[in-house]
Number of protein chains: 2
Amino acid sequence: MAKRTGVTRQKAARIADVARLAGVSVATVSRTLARPEVVIEETRARVLAAVRDTGYTPNISARNLRVRKTMVVLVAVPDIANPFFAEVLQGIDDTLSTAGYGLIIANLAGSPEKEARYVDLVCAGQADGVLLLCGHVMRSPDRDLREAHVPLVAACEYIPRENFPQVTIDNVGTAREAVGHLIELGHTSIAYLSGPKSNILEQQRLEGYRQALREAGIAADAGLILPGDFTFRAGVEAGRALLALETVARPTALFAANDEMAIGLIKTVHAAGLQIPDDLSVVGFDGIAYADYCEPTLTTIVQPRRDLGATAAAELIALMTIGQAGLRKNIKLPATLMLRDSTRPPRKSPGHSSRGARSG
Amino acid sequence: MAKRTGVTRQKAARIADVARLAGVSVATVSRTLARPEVVIEETRARVLAAVRDTGYTPNISARNLRVRKTMVVLVAVPDIANPFFAEVLQGIDDTLSTAGYGLIIANLAGSPEKEARYVDLVCAGQADGVLLLCGHVMRSPDRDLREAHVPLVAACEYIPRENFPQVTIDNVGTAREAVGHLIELGHTSIAYLSGPKSNILEQQRLEGYRQALREAGIAADAGLILPGDFTFRAGVEAGRALLALETVARPTALFAANDEMAIGLIKTVHAAGLQIPDDLSVVGFDGIAYADYCEPTLTTIVQPRRDLGATAAAELIALMTIGQAGLRKNIKLPATLMLRDSTRPPRKSPGHSSRGARSG
DNA sequence: GATGGACATGTAATCGATTACATTCGGCAT
DNA sequence: ATGCCGAATGTAATCGATTACATGTCCATC
């Protein structure tokens, strides 16, 4: 025995063992577990005792094969180490796991090979549904996730022209609100630290930035749009770029497309002697936990991260169980501007801060 | 049709469909996919063409049932939103997913019900192995994970008296090193911000703290041991406790059992006017990404987070495939003290900083 | 006392793959 | 010509559950 590769594992009790021990048929055992009310008290007791004695647990693969379900959903995450997604995942996990679903987390990490593997997994029927946090429909070289004909829901990143439910926030509107806040404080020279141009969130937040400026009658200055890619590193580099500007040309405020970049930027310019918010007001986006931990605390758009996850999960469950009926295709959750310590009116001389750094 | 609850999904091609189309038996199809070399060129071509035409993918539940494997491992994480674990998870994911394993992430979140559900899952044969990042063997009310007779590996938190492989760092030694660093700088009044007393990591790090003091001939002062629980919040409260002390009684340095608490503490005392590291040197533990982002950057013990995950995953794969032979039970990975900006010699007047706050 | 219906349980088909064993065929040695 | 061997493929058992349908029992009703 055990001549093949692999480890011999103690054989688990099967339903037939329980049936034999209880002196009933396998059907009765199955029914006792699935719909206890249809078997009479006395039989039920015998069966349950046998279940306990044998330590029986149904084999899920067999059940899945029979009922054509897996009770597993796959969640595609761009980067599991990103705190924003980690918090969305918590909401997803809460909802899904109390509904009895297991979670396979597909950490894409920018790797097409991984993505392809997961697409194959889903196509092979390993998941009853998929939650997309990744801004695009997953693909493998010759397959597309949609071919799996599996319920799909997207969250956080809007995926245009797809007709499955999506749970997002109003990125344009909240970005406009964030920049509007800076304008109300009296800023007129406001930079934008952007995400990767191809990203839909970036496009929407940039649009919000532009709208706010336009409404205030402030001319857009392309030189104030700094390139970024949502990483802390990008924030550091944008900070350096800012420092390289002549003092008079420097903006008095900055809106970053996400918190991590904002924090990287603050750290960099502060280390060089700029005071936040005195010399530069900064607004972030996302509301990650660290936005409230950093120094100074970051004014930011806080997204309902858990709720985004929970809502998307609930939609997916609805899709998986009762079908599409009555589902809203495009759910928007409220996100709010949280005022903290990184924003303040510009210094006396309006338009720029001529005194510059080194005041601490 | 589709009269039952649930959504009708397009039926996927089965192996029999492929066999029919290719004009061969199901066995040949299966063999073509599993061991191409045993079927002759011409047949293989016909089968592969049929596979492509039908879009066939093997049904994993059926295969799992037959071969008694799932190619899934369960990872138990205390808290998925904790950045330390998120990074360990990345290492796990890298190794496991390239080996073809799927990942079910059990986010325990302190909930015994969740834990129980996952134990049942594993006992039901839903996973080929389990990775424990959680410092204890998982339990359900009447079951213990060990009863599942599934390969187990623990990482990060040492689980005493269990005889499965464990991948950790030398917590006692590195904690001693961290405190030793403060002593070398000239500090003699060193506080310790602890974790929950029941936690094994806490116990080991406390032991390291004590050893360092003892070696330096510094008397331990129970009043300098602040209660904590590894959360940012606990750091904030410890910071308040520190501020409540009279200036002369205040320690000049502090070792925190993890980075999040260290960061919370720094933020709090800094907001009250204390300068870090001038008025208080702080050393953390873990080396999370934010330890390098915060202000000032945090001197800390950096754990090889990805590597811990990757190594544990590799051990588990070994256990699952070739059995226990040749496995080290207790693997220690190196962790190093990373010197950054939060530590410095104490101020002139040795023993305490009488000038106190309000210097910025 | 037959009839029928409600209820509890049993029998056996089924889900879709893998694989041990059986079969077929061609070639080669005797 | 016979028999044997090995290669290629086919046949059917098997994994462990769920569940449609069949069966049997008991009691109420006419």
Side-chain angles (χ1 to χ4, degrees), chain A residues 1 3-6 8-9 11-47 50-51 54-71 120 123-126 128, chain B residues 1 3-6 8-9 11-47 50-51 54-71 120 123-126 128:
Chain A
M1 59 204 61
K3 34 157 61 170
R4 312 202 60 72
T5 58
T8 350
R9 198 175 315 158
K11 63 225 159 292
R14 294 147 313 167
I15 196 170
D17 301 325
V18 178
R20 197 173 316 119
L21 183 60
V24 297
S25 73
V26 295
T28 302
V29 176
S30 180
R31 277 191 287 254
T32 306
L33 266 22
R35 302 191 306 284
E37 70 280 5
V38 306
V39 351
I40 63 172
E41 173 60 33
E42 189 244 326
T43 322
R44 194 191 322 156
R46 277 218 317 285
V47 171
V51 166
T54 53
Y56 170 74
T57 332
N59 177 308
I60 310 268
S61 294
R63 169 183 297 164
N64 290 347
L65 173 58
R66 182 59 233 239
V67 306
R68 298 150 157 282
K69 273 184 152 208
T70 64
M71 293 307 280
D120 288 343
C123 289
Q126 270 298 60
D128 291 341
Chain B
M1 57 205 61
K3 35 155 62 168
R4 311 201 62 72
T5 57
T8 349
R9 200 176 311 159
K11 64 226 160 291
R14 293 148 314 168
I15 196 171
D17 301 325
V18 177
R20 197 173 318 118
L21 183 58
V24 297
S25 74
V26 294
T28 301
V29 176
S30 181
R31 276 190 288 254
T32 305
L33 266 23
R35 301 191 306 284
E37 70 280 6
V38 305
V39 357
I40 63 173
E41 172 60 32
E42 191 244 326
T43 322
R44 193 190 321 154
R46 276 218 317 285
V47 170
V51 166
T54 54
Y56 170 75
T57 332
N59 177 309
I60 310 268
S61 293
R63 168 184 300 163
N64 289 347
L65 174 57
R66 183 59 230 243
V67 305
R68 296 148 161 285
K69 275 184 151 205
T70 66
M71 293 306 281
D120 289 342
C123 290
Q126 267 300 59
D128 291 339

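The analysis underlying the following values was restricted to heavy atoms, covering all of them including side chains, and did not include hydrogens, waters or symmetry mates. So you know, we letter chains A, B, ... as the sequences are listed, proteins then strands, and number each from 1. A quick note: this is a predicted structure, and the numbers were derived from the prediction, not measured.
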Starting the side chain at C-beta, find the nucleotide from dA17(D), dA8(D), dA20(D) nearest to P58(A). dA17(D)
The side chain of V24(A) is closest to which nucleotide in this list: dG10(C), dG16(D), dA8(D)? dG10(C)
Looking only at side-chain N and O atoms, does T28(A) come under 4.0 Å of OP1 or OP2 in dG10(C)? yes
Phosphate oxygens OP1/OP2 of dA17(D): is one of them under 4.0 Å from a side-chain N or O of Y56(A)?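 Yes, within the criterion.
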Separation of [N] [atom2] from [X] [atom1] (nearest whole Å):
{"X": "I15(B)", "N": "dT19(C)", "atom1": "CD1", "atom2": "P", "value": "11 Å"}
{"X": "N59(A)", "N": "dT14(C)", "atom1": "CG", "atom2": "P", "value": "21 Å"}
{"X": "K69(A)", "N": "dT19(D)", "atom1": "NZ", "atom2": "P", "value": "10 Å"}
{"X": "L33(A)", "N": "dG16(D)", "atom1": "CG", "atom2": "C1'", "value": "14 Å"}
{"X": "R63(A)", "N": "dA17(D)", "atom1": "CZ", "atom2": "P", "value": "9 Å"}
{"X": "D17(A)", "N": "dC15(D)", "atom1": "CG", "atom2": "P", "value": "11 Å"}
{"X": "N64(B)", "N": "dG16(D)", "atom1": "CG", "atom2": "P", "value": "13 Å"}
{"X": "R31(B)", "N": "dA7(D)", "atom1": "CZ", "atom2": "C1'", "value": "11 Å"}

Is there a side-chain contact between R20(A) and D17(A), using heavy atoms and a 4.5 Å cut-off?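 Yes, close enough: below the 4.5 Å cut-off.
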Minimum side-chain heavy-atom gap T28(B)-T43(B) below 4.5 Å: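 Result yes, sub-4.5 Å side-chain heavy-atom pair found.
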Any donor-acceptor pair under 3.5 Å between the side chain of R66(A) and the base of dT14(C)?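 It does, because a donor-acceptor pair links the side chain of R66(A) to the base of dT14(C) below 3.5 Å.
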base_contact_polar (dG16(C) base, R68(A) side chain, donor-acceptor, <3.5 Å):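 No, the side chain and the base share no sub-3.5 Å donor-acceptor pair.
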Quick one: label S30(A) by what it contacts on the DNA or RNA (base, sugar-phosphate, nothing), any heavy atom closer than 4.0 Å.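 Answer is base: heavy atoms of S30(A) come under 4.0 Å of a base.
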Looking across every strand, which nucleic acid part, if any, lies under 4.0 Å from V26(A) by heavy atom: base, sugar-phosphate, or nothing? base
From I15(A) CD1 over to R63(A) CZ, what is the distance, rounded to the nearest 0.5 angstrom? 9.0 Å
Between A27(B) and L65(B), which residue's closest nucleotide on DNA chain D lies nearer the 5′ terminus?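 Final value for this comparison: A27(B).
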Using modelled atom types only, decide if a donor and an acceptor are shared between the side chain of R44(B) and the backbone of T32(B) within a distance under 3.5 Å. no
Side chain T54(B), main chain A50(B), donor-acceptor under 3.5 Å: yes
